[in-house]
Amino acid sequence: KEAVMSFEILEIKDSKALIDLLSQTKQVMQEGNYYEVAFDLDKMSAQQAASMLFKCCTTSSFQIKEPMLEEIIKDFYERA
């Protein structure tokens with residue numbers, strides 16, 4: 001399952017780390033300094049994604065949307 005992280009970059013502290021983070025995500029939307037990126041929760045936890053972001057940038061409007069428990073259970077039974 002994927003989670004979506006949205007944020008606005010106020011200041012870049014480490015551009016290489018930002019590039020590394022963005023290379024591990026799928027860009028959903030970008031408008032100016034506002035980004036929405038999706039990431040695979042099997043490969044990166046929400047905590048890891050947030051930690052990587054906060055190490056490389058000062059942000060505002062930060063949010064992570066994870067799949068609802070119902071979606072995860074439905075997906076589990078559809079695969080079985």
Side-chain angles (χ1 to χ4, degrees):
K1 283 293 187 183
E2 285 188 335
V4 175
M5 180 167 61
S6 58
F7 54 94
E8 182 175 3
I9 297 174
L10 298 177
E11 178 186 2
I12 298 173
K13 297 185 266 185
D14 184 342
S15 58
K16 284 185 176 185
L18 177 60
I19 291 168
D20 184 44
L21 170 62
L22 295 176
S23 73
Q24 296 181 54
T25 63
K26 177 175 63 177
Q27 184 170 316
V28 175
M29 188 197 69
Q30 180 194 358
E31 190 173 297
N33 289 335
Y34 180 81
Y35 290 80
E36 284 188 11
V37 295
F39 57 94
D40 185 341
L41 287 168
D42 291 331
K43 297 179 181 176
M44 180 188 310
S45 71
Q47 182 178 358
Q48 288 171 317
S51 177
M52 289 177 72
L53 178 65
F54 296 145
K55 285 180 184 176
C56 65
C57 298
T58 302
T59 65
S60 68
S61 307
F62 173 79
Q63 182 178 17
I64 293 182
K65 296 177 189 171
E66 295 186 67
M68 299 290 291
L69 182 58
E70 294 86 16
E71 291 178 41
I72 294 170
I73 293 170
K74 178 184 171 188
D75 186 54
F76 174 78
Y77 281 106
E78 286 177 351
R79 290 184 187 193

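In this structure, the side chains of Leu22 and Gln27 stay at 4.5 Å or more apart for every pair of heavy atoms. With a 4.5 Å cut-off on side-chain heavy atoms, Met29 and Tyr34 count as touching. Taking the side chain as every heavy atom from C-beta outward, Asp20 and Met52 approach each other to under 4.5 Å.
For the side-chain hydrogen bond (donor to acceptor under 3.5 Å, both in side chains) test, residues two or more places apart in sequence or in another chain that qualify with Gln48 are Ser45.
The NZ atom of Lys1 sits 11.0 Å away from the CG atom of Asp40 when rounded to the nearest 0.5 Å. Taken from CD in Glu2 to CE in Met44, the straight-line distance is 11.5 Å, to the nearest 0.5 Å. Residue Met5 holds its CE atom at 11.0 Å from CD of Glu36, rounded to the nearest 0.5 Å. With rounding to the nearest 0.5 Å, the separation of SG in Cys57 from CG in Leu21 is 8.0 Å.
Tracing side-chain contacts under 4.5 Å through hydrophobic residues (I, L, V, M, F, W, Y), one never reaches Leu10 starting from Phe62; they form parts of separate clusters. Hydrophobic clustering keeps Val4 apart from Ile9 (ILVMFWY residues linked when any side-chain heavy atoms are closer than 4.5 Å, directly or through intermediates). Residues Val37 and Ile12 share a hydrophobic cluster, clusters being chains of Ile/Leu/Val/Met/Phe/Trp/Tyr side chains in contact below 4.5 Å.
Of the possible polar contacts, one joining the Gln30 side chain to the Gly32 backbone as a donor-acceptor pair under 3.5 Å is found.
Taking the six-membered ring for Trp and the full ring otherwise, Tyr35 and Phe7 have centroids separated by under 6.0 Å.
Under a cut-off of 6.0 angstrom, the local environment of NZ in Lys65 is sparse, with at most 12 non-hydrogen atoms contributed by other residues, nucleotides or ligands.
Contact detail for Ile64 and Ala46: the closest heavy-atom pair is CD1-O, 3.6 Å.
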